[in-house]
Amino acid sequence: MSSGKSNRKQQILEVLALELESKPGSRITIAGLSKAVGVSEAALYRHFSSKAKMFEALIEFSEEAIFGVVGRILEEQQDVEVRCYQMGMAVLKFSERNPGIARLLMSDVLLGENDRLRHRTRQIFARLETQFNELLRHWAATTGSQKSRTDVVPLANLFMAVICGRIAQFVRTEFKVLPSRHWGDHWRLLSEVAFHQRVH
């Protein structure tokens, strides 16, 4: 019985993600979602008490998926440049594979929703920025880099600005401009500034 309930919740979330993808710029309603799932609105509410709870479940899925990959990267790679590059690519590829969720992460569909949801999406990117910050600080400390600790904070922020900008462009162009496109070229420029030049 619990397995069937779990499968139905999974189905609802998958349909919600598809609705977010197939209707860019549109708000998601319970009526429209129940029709897409093929169940009554009452049936939806038996699994999720509100639309906000559905969005929150997708945000939690995103966080677990992204940081699951980040954790593996940190375990498998020792070079800080490789770690940062692959972390960026992981976030961009996740967004690319999940266009509807990319809208959610950019808060494109959260206007008018519970502010707690926007806070949850901001937390994901803040956590990523903190991870970049820690990697850069460790690199500077262990390599005797000329970069001061104050240089690390804007660099980590720059990494996130580019990553978020790529995802935002993906959403803004209705998923036509893939976020991972040119990441290799972007990373060459970012890594040159971060790891191979002095900041004056």
Side-chain angles (χ1 to χ4, degrees), residues 1-76 86-131 160 163-164 166-180:
M1 186 70 174
S2 60
S3 176
K5 190 172 183 179
S6 176
N7 289 341
R8 177 63 79 183
K9 289 183 74 169
Q10 179 70 21
Q11 180 195 11
I12 291 169
L13 293 177
E14 288 174 357
V15 172
L16 174 57
L18 286 173
E19 288 287 289
L20 288 167
E21 177 181 350
S22 63
K23 298 176 180 176
S26 300
R27 289 182 63 81
I28 301 298
T29 65
I30 290 295
L33 183 60
S34 63
K35 183 177 180 181
V37 176
V39 299
S40 67
E41 292 182 38
L44 281 186
Y45 284 122
R46 280 198 293 272
H47 297 283
F48 294 97
S49 59
S50 67
K51 185 171 60 172
K53 288 293 185 182
M54 298 179 202
F55 284 148
E56 188 170 22
L58 284 181
I59 293 169
E60 289 175 355
F61 162 76
S62 305
E63 187 168 31
E64 290 173 4
I66 289 170
F67 287 101
V69 175
V70 167
R72 289 195 294 275
I73 290 169
L74 296 178
E75 286 179 3
E76 296 170 3
Q86 290 189 358
M87 281 170 55
M89 180 62 85
V91 180
L92 296 175
K93 280 292 189 182
F94 175 83
S95 300
E96 197 170 296
R97 289 192 299 268
N98 300 279
I101 295 178
R103 282 187 67 193
L104 195 58
L105 294 179
M106 291 290 102
S107 297
D108 181 65
V109 292
L110 294 179
L111 290 177
E113 298 293 342
N114 192 315
D115 186 60
R116 181 170 54 84
L117 295 174
R118 291 190 294 278
H119 177 68
R120 288 285 283 108
T121 60
R122 289 193 297 268
Q123 278 185 316
I124 292 176
F125 293 110
R127 184 177 170 189
L128 281 165
E129 187 167 340
T130 297
Q131 185 65 72
M160 287 309 306
I163 290 167
C164 289
R166 296 300 298 163
I167 300 171
Q169 185 179 44
F170 182 50
V171 173
R172 189 173 63 249
T173 60
E174 297 186 356
F175 317 129
K176 293 180 178 63
V177 179
L178 299 181
S180 66

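Atom set for the values below is all heavy atoms of this structure, side chains included, hydrogens, waters and symmetry mates excluded. Along the sequence shown, residues are numbered consecutively beginning with 1.
Nearest heavy atom pair, residue L117 against residue I59, reads O-CD1, 3.9 Å. In terms of heavy-atom proximity, M87 sits nearest to I73 at N-CD1, 3.8 Å. Minimum interatomic distance between S95 and P179 (heavy atoms only, all atoms of both residues): CB-CG, 4.5 Å.
Checking side-chain atoms of R166 against main-chain N and O of L178 turns up a donor-acceptor pair under 3.5 Å. Side-chain N or O atoms of N98 include one that pairs as donor or acceptor with a backbone N or O of F94 at under 3.5 Å. Side-chain atoms of K176 never come within 3.5 Å of backbone atoms of F170 as a donor-acceptor pair (strictly under, hydrogens ignored). In this structure, the side chain of S49 does not engage the main chain of Y45 through any donor-acceptor pair within 3.5 Å.
A side-chain donor from one of S180 and E96 sits under 3.5 Å from a side-chain acceptor of the other.
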(request) Go through the steps for V69 and E64 under the test side-chain contact (heavy atoms from CB on, under 4.5 Å), then give the verdict. (result) CA-CA 9 Å; V69 175; E64 290 173 4; over 6 Å; no

(request) Please report the C-alpha distance between E14 and E19 in whole Å, then the side-chain angles of each, then the deciding distance to 0.1 Å, and finally whether the side-chain contact (heavy atoms from CB on, under 4.5 Å) criterion is met. (result) CA-CA 9 Å; E14 288 174 357; E19 288 287 289; over 6 Å; no

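Contact annotation: the side chain of L58 approaches that of L20 to within less than 4.5 Å [non-hydrogen atoms, C-beta and beyond]. Proximity of R46 to R8: side-chain heavy atoms (C-beta onward) are nowhere separated by under 4.5 Å. A heavy-atom distance below 4.5 Å is not found between the side chains of L33 and F48. Within the 4.5 Å cutoff, no side-chain heavy atoms of R127 are placed close to those of Q131. Residues L105 and S62 are in side-chain contact: their nearest non-hydrogen atoms beyond the backbone lie under 4.5 Å apart.
Within the model, atoms CZ of R172 and CD1 of I167 stand 12.5 Å from one another, a figure rounded to the nearest 0.5 Å. Atom-to-atom distance recorded for M160:CE and L128:CG is 5.0 Å, nearest 0.5 angstrom. Q123 CD to R116 CZ: the interatomic distance, rounded to the nearest 0.5 Å, is 10.5 Å. Taken from CD1 in I12 to NZ in K53, the straight-line distance is 15.0 Å, to the nearest 0.5 Å. One distance of note links OG of S107 with CZ of R118; it measures 7.0 Å at 0.5 Å rounding. Taken from CD in Q10 to CG in L13, the straight-line distance is 6.0 Å, to the nearest 0.5 Å.
With respect to E21 and R103, no salt bridge is recorded, no charged nitrogen being found less than 4.0 Å from a carboxylate O. By the 4.0 Å N-to-carboxylate-O rule, E76 lies too far from R72 to be salt-bridged with it.
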